[in-house]
Each structure stands twice: as structure tokens, then as C-alpha cells.
Amino acid sequence: MTPDPSDRRGPLARRGLLVRLLAVSVLVSVCSIAATAWLVVRSTTVAIRQEEGQALAEDARAYRALLGWAATHTTWDGARDTVVRLAHQIGHRVTLTTEDRRVVLDSDSGPVSLPATPTAVVEPLAVDTALAGGSPSDRIDPRVTGPFRLPRAERTRLRVAAEQQALCLRQSFSATAQVVEGPSGRPYVESPTLNPTLAARCASPVLDGLTPTERKALRHLTGLVNACLERRGAPPVTLGLDFTWTPVPAPAPAGGRASGPSAQPPAASVPSCIATGRHEQLAPYVAPSVLLFVSSRGAGASTIVDLSPTGQARIAGVVALVLAVTVGVTVLAGVRLVRPLRALTHAARQMADGDVSARVEVAGGDEIGRLADAFNAMARRREQLEELRKDMVSDVAHELRTPLSNIRGWLEATEDGLVAPDRALMSSLLEEAALLQHVVDDLQDLAVADAGELTLHRRPMYVHELLDQVATAHRGGADGTGVHLSVEVEGEPSVAADPVRLRQAVGNLVSNAVRHTPPGGRVALRAREEGADLVIEVADTGVGISPEDLPLVFERFWRVEKSRSRRTGGSGLGLPIVRKLVEAHGGSVSAASVPGEGSVFTIRLPVHS
Ligand code: ADP
């Protein structure tokens, strides 16, 4: 067998289809993974951002609320209800711990796994302004009032004065004015629309002055601040209730000169000393500083993958797995696809090399299965044609050899003087030449028909007339062998056909029938119209044809008994010629037979073709 040329190429080229299939499916899966990942990342990012924003708002809310408690209580005892309520409101677990992470308060029961960093440090004297809002310079929560908190009596006195001031403002200027209470319990009048100069007319000395509590607290604070300033070598100051400061006027110098401008303390020291002083003064009034943890309720995160290194490795693993499965499935599918194609290619090459018996195995009814099926059908047909061609050549040689060798034998014998060239010899030679002529004419007819060059000269004619002509032509021969020939026509059918060719076709059938019918038998030529068809039958009561031979009678050079038929003048080409002639008229011919009883050959022609 010739080597498969594809085997000489590299393994990549040999697996071309498989590699391409693999490349396509890997490309498709990479694209789909990338697209999916992009979509997921996009939507997750948006979701995370929203969640982060919400989480920040919740953290700030919790922080502010706890800061409020710390600013107004000296201990966390009793804050549990506040913490539980807060946790319920924000939907998260709220835990407070000391600096060394011992739990002080927890909204939920059960063990808590604290995050690495706390959400915030709850320390009202050092407020995280990023979370709580407010000015970054003053980090003391305004709710921490400590010693400035007014007792009820002072508060009531001030409130009365405030109510009077508000009434004065409302009545004198028809202004909106209302009394609001500050964190220390000191009331003040809020009148957003009123001009401050006009408001001064309703001024109240009680409201503007300090209460004894405030005076005491402020004195204490001033002491602390001035001590601080002194440590830093700065002159003392006096403080207002709103922690504004003014320098203390310097004592008159010994020379009796008027008091000059007071010495200005370095501006930077005062605010920091005020902060330190306030811190020192308020520290005993606030709850101890705690760490705040706002964590999700229940067991940890519920996602399978996150963006941690482990999560990323897991994502990479899943992607690799998907790709591996894709590659595996594609290779499997590709191998299954390529294997029958290669078998087909191999078989086709075998056929090209002349092995007409090459076939492929048909597996399944898919496209490739059907292709293999079609290939096998084509191979079978080719094998048949090849056999037919071989048979035909040998048959033609055989057919021609016998009469030729007869003629040569007679001529050699005459040349040698063994036979006299008399009349009998001449008629023998003539008979052999006629047989040769017959075979050659038949072959010619077939060749013309095969080439599609059979030209028909159609004209309308009566079928009865045609059958009578054929019967008359064969009657002599039939009478000679004692066979009765009859013509039976129903109605007056007519057809447009080539009279010579149609006569030749029916003549061949009648000649066969007469030859294969023993003496005393009958041959009937019948004709009738059946629907749109004209049916011509040649029926005999002859030897018949066996069922296994029947499908072969229209093959070229096929004869039941070769020697006998040749002797009776048959070439094995009569029936193939009949079929060609009938098909040229657009009709068909078939045979039916019962061995020992006779045969019926039927020609069907379309009446109007
Ligand atoms: P041939 O020239 O040998 O008759 P045909 O092609 O006409 O060749 O016929 C092929 C073979 O079919 C014949 O050799 C014969 O064996 C068989 N055959 C044809 N017609 C009949 C028939 N009417 N009765 C029996 N056998 C027949």
C-alpha cells in the first residue's frame, strides 16, 4: 500500500482539525470566562462600594451614639441596653472592649471573633472627627460638660430669664425666638432672623452673667490653663464660658506709669493649654475610653471566594479547571470526529490507488456516519461498474473471437485445399459475418445511447399497427419453431414515438420470447392504456427466468446459458438495448417471470411526452 502522504507531515499538521478545534474552543472559553469575570467584577465592585458606604454610615451612627453615652456617664455600667438597641438598629454586632481587648459590653451573646482593627476608639475627649463630624481642632465632644453642668436651681433661674428675653424679642421685633438648652443645661435664646444689635435691647444681665457653678468651674479651668502657660513661660489669661481668652492686664509698674498694653502670651500656647486644661478638668466626668468593634452577625463571610491571595488562587484554580475540562472535552470530541474522517481519507486513497474493495466502518447516523454511508455506496457502485467494465471487455472479446476464429478456420481449410470454396461454405462464412455485424451493431447502439446521442424522430402512431408490423416480421421464425404469435390491443391507443426505435425494442422482446418458448407455446403482444401510460406487454409461455436471475437480465452480456444463447444468435445485449431505447422515450421496462410457465416483459411509455 502506498504510504499515507499526510503521515510525512508533522504531528501538528496531521492533527490539523483537532488543533483548530482545540484552539477555537479554548478561545471561546477564555473569552466567556473573561466576559463573565468582567461582568461579575463590575457588578460586585458597585455592590461593594454601596455596601462600604452604608457600613461607614452605620459605623458613624454607632460611634456617635456611644460617644454620647461616654460623654455623659463616668462608667459603662448600664449602657448594655443602649448597645443592644444600637446593634438592632444597624443590623450588626456591636462590641466594646478595653485597650487590651477585654470585652466590656457586647450586643450579642456567644464568643466573638474581633476584627484585627477596631472600628473606632470611643473617647469623648479625643473625638475621631472623621467619623463623628465637627471641627478637627476641637476634639472634645460638646456633650462633655463635667463641672459646668448646671444644678436644677440655676437652670430654672436662667430659663426664666431666657423665656423673658424670648418674649421681649417676639413682642418688640415680632421675631421668631425660642429657648434652647445647651448640653450643660444652660438655656439660650435662638432667633435666627434677628439682627444682633437689635437683640441687644432685650439683653438680660442674668443670662449674660455666670452662675456660681460656672464661675467655680471656670475658675478651676483658668487655674489649670494658667498653670500650663506658666510651665511654658507664658503670661496668664482669663477665660470666657465659650473658652475664648483674654490676656490678664499686667500690674502697674513701680514708676507709676499708666498700665501699658498687656504682655501677649505666644498665641500657639494658649489653645493647646486650654485643651490640656479642659482635658484635665473633664477627665473624671467621662466614661473610660473603649474600643468599638462593629462586626457582621452570624458566622463570618459567606462567599466562597474573596479577593485575598487564597481567594485569587482559588479563582485561578477554577479558571484552570474550566480550561482543562474544555480542553479535555474538545480533545475527546475532536478525536471522535477526526478518527472516522481519517478512516474515510484512508479508504479514499486506497480507492485512488485502485483498490475498489475499500470500505469504511459506519458508526452512528450523524453527518459523518451518513458521509461514510454515502462513501460506501459510491465505492460499491464503483466496484460494480468496474466489474461490469471488465466483464464487458472480456465478453466483447469473447463474442468477437468465436465468429472470427470460425471464419479464419474455414478460410485456412480452404487455403490448404481441405474444403472447396463452394456455396455452403460461403453461406457459413456469411452467417458468421452477420453474427459479428449483429454484435458490433448492438454495441454501437449501446455506445450511442450511453453517450446520450440517441436521436429520436418521434411521430404519432397507432400502437396496433406497430405491434402488427413486429408480429409479421417474426411470424416466419415463430411458425418455424411451432410458436403461436398473437396481437391483442385494447382500444385504439396511439403514442408519439420514434417508430424505428420502438419497433426495435419490441422486436428484441419478441425475438427473445420466441427463442425461449418451446414448440407449441404462445407469444402474445398486448397493448393498452393505463392512466397516462401506454403499456406494451410481450408475454410468452416459455422456460421463464429464475427469481435470482430476473434482476440481472437487463445487464450487458448477461445470459442465463451463455453457450446456448450464443448459438441461438443472442449477444446478451438485446435487453440492455431495449432498456436504453425505452428510457430515451421517457419510459421504463420491467420483467416478471415464473420459471417453467413463462415470462412477461412490460414497456411503459408516457402517452403525452
Ligand atoms: P440475448 O441476446 O442473449 O437474448 P438479451 O439481453 O436479449 O440477450 O437477454 C439476456 C438473457 O435473458 C437471455 O440470454 C436469456 O437467458 C434471458 N431471457 C431474455 N428474454 C427471455 C424470455 N422471454 N424467456 C426466458 N429468458 C429470457
Side-chain angles (χ1 to χ4, degrees), residues 388 391-392 394-403 431-432 434-450 467 470-471 473-475 477-478 481-488 501-526 535-584 588-603:
L388 217 64
D391 287 355
M392 183 152 171
S394 82
D395 283 346
V396 168
H398 191 84
E399 293 302 321
L400 297 182
R401 192 182 298 121
T402 315
E431 196 180 309
E432 295 298 342
L435 190 55
L436 272 177
Q437 176 87 49
H438 181 60
V439 172
V440 172
D441 284 351
D442 281 357
L443 279 172
Q444 167 104 33
D445 281 349
L446 272 177
V448 168
D450 281 346
L467 295 191
V470 176
H474 287 84
R475 188 147 286 130
T481 52
V483 174
H484 177 71
L485 209 59
S486 63
V487 176
E488 302 157 21
R501 297 298 188 187
L502 196 53
R503 239 193 327 264
Q504 187 185 356
V506 181
N508 277 4
L509 294 181
V510 175
S511 144
N512 278 351
V514 171
R515 268 188 288 136
H516 294 99
T517 305
R522 285 189 313 279
V523 172
L525 283 77
R526 301 192 197 110
V535 177
I536 300 175
E537 278 176 358
V538 177
D540 64 58
T541 57
V543 291
I545 307 162
S546 68
E548 62 272 18
D549 289 339
L550 204 57
L552 302 170
V553 289
F554 290 100
E555 297 290 341
R556 294 172 188 192
F557 292 113
W558 188 90
R559 292 170 305 217
V560 173
E561 277 181 58
K562 303 205 172 202
S563 56
R564 189 198 65 151
S565 292
R566 197 162 53 245
R567 233 179 287 124
T568 52
S571 62
L573 293 172
L575 288 179
I577 289 174
V578 171
R579 187 162 68 175
K580 284 284 176 191
L581 294 176
V582 172
E583 283 174 359
S588 64
V589 60
S590 59
S593 182
V594 179
E597 287 187 15
S599 317
V600 181
F601 284 81
T602 309
I603 293 174

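Start at 1 and go down the list; that is how both ligands and their atoms are numbered.
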(message) Quick check for you: to the nearest 0.5 Å, what is the distance between Arg556 atom CZ and Arg579 atom CZ?
(response) 8.0 Å
(message) Rounded at 0.5 Å granularity, tell me how far CG in Leu525 sits from NE2 in His474.
(response) 9.0 Å
Does ligand 1 have a heavy atom under 4.0 Å from the side chain of [X], from its backbone, from both, or from neither?
X	answer
Phe601	side chain
Asp549	neither
Ile545	side chain

(request) Could you tell me which non-hydrogen atom of Arg501 sits nearest to which non-hydrogen atom of Asp445, and how far apart they are? (result) NH1-OD1, 4.1 Å
Within the 4.0 Å heavy-atom shell around [X], which atoms of ligand 1 are there?
X	answer
Pro576	6 (O)
Arg515	4 (O)
Ala513	23 (N)

(request) Indicate whether the side chain of Ser546 and that of Asp549 have a donor and an acceptor atom separated by less than 3.5 Å. (result) yes
(request) Could you point out which residue of Leu485, Asn512, Thr541, Thr481 forms a side-chain contact (heavy atoms from CB on, under 4.5 Å) with Thr517? (result) Thr541
(request) Could you say whether the N/O atoms of Leu575 and ligand 1 ever approach to under 3.5 Å? (result) yes
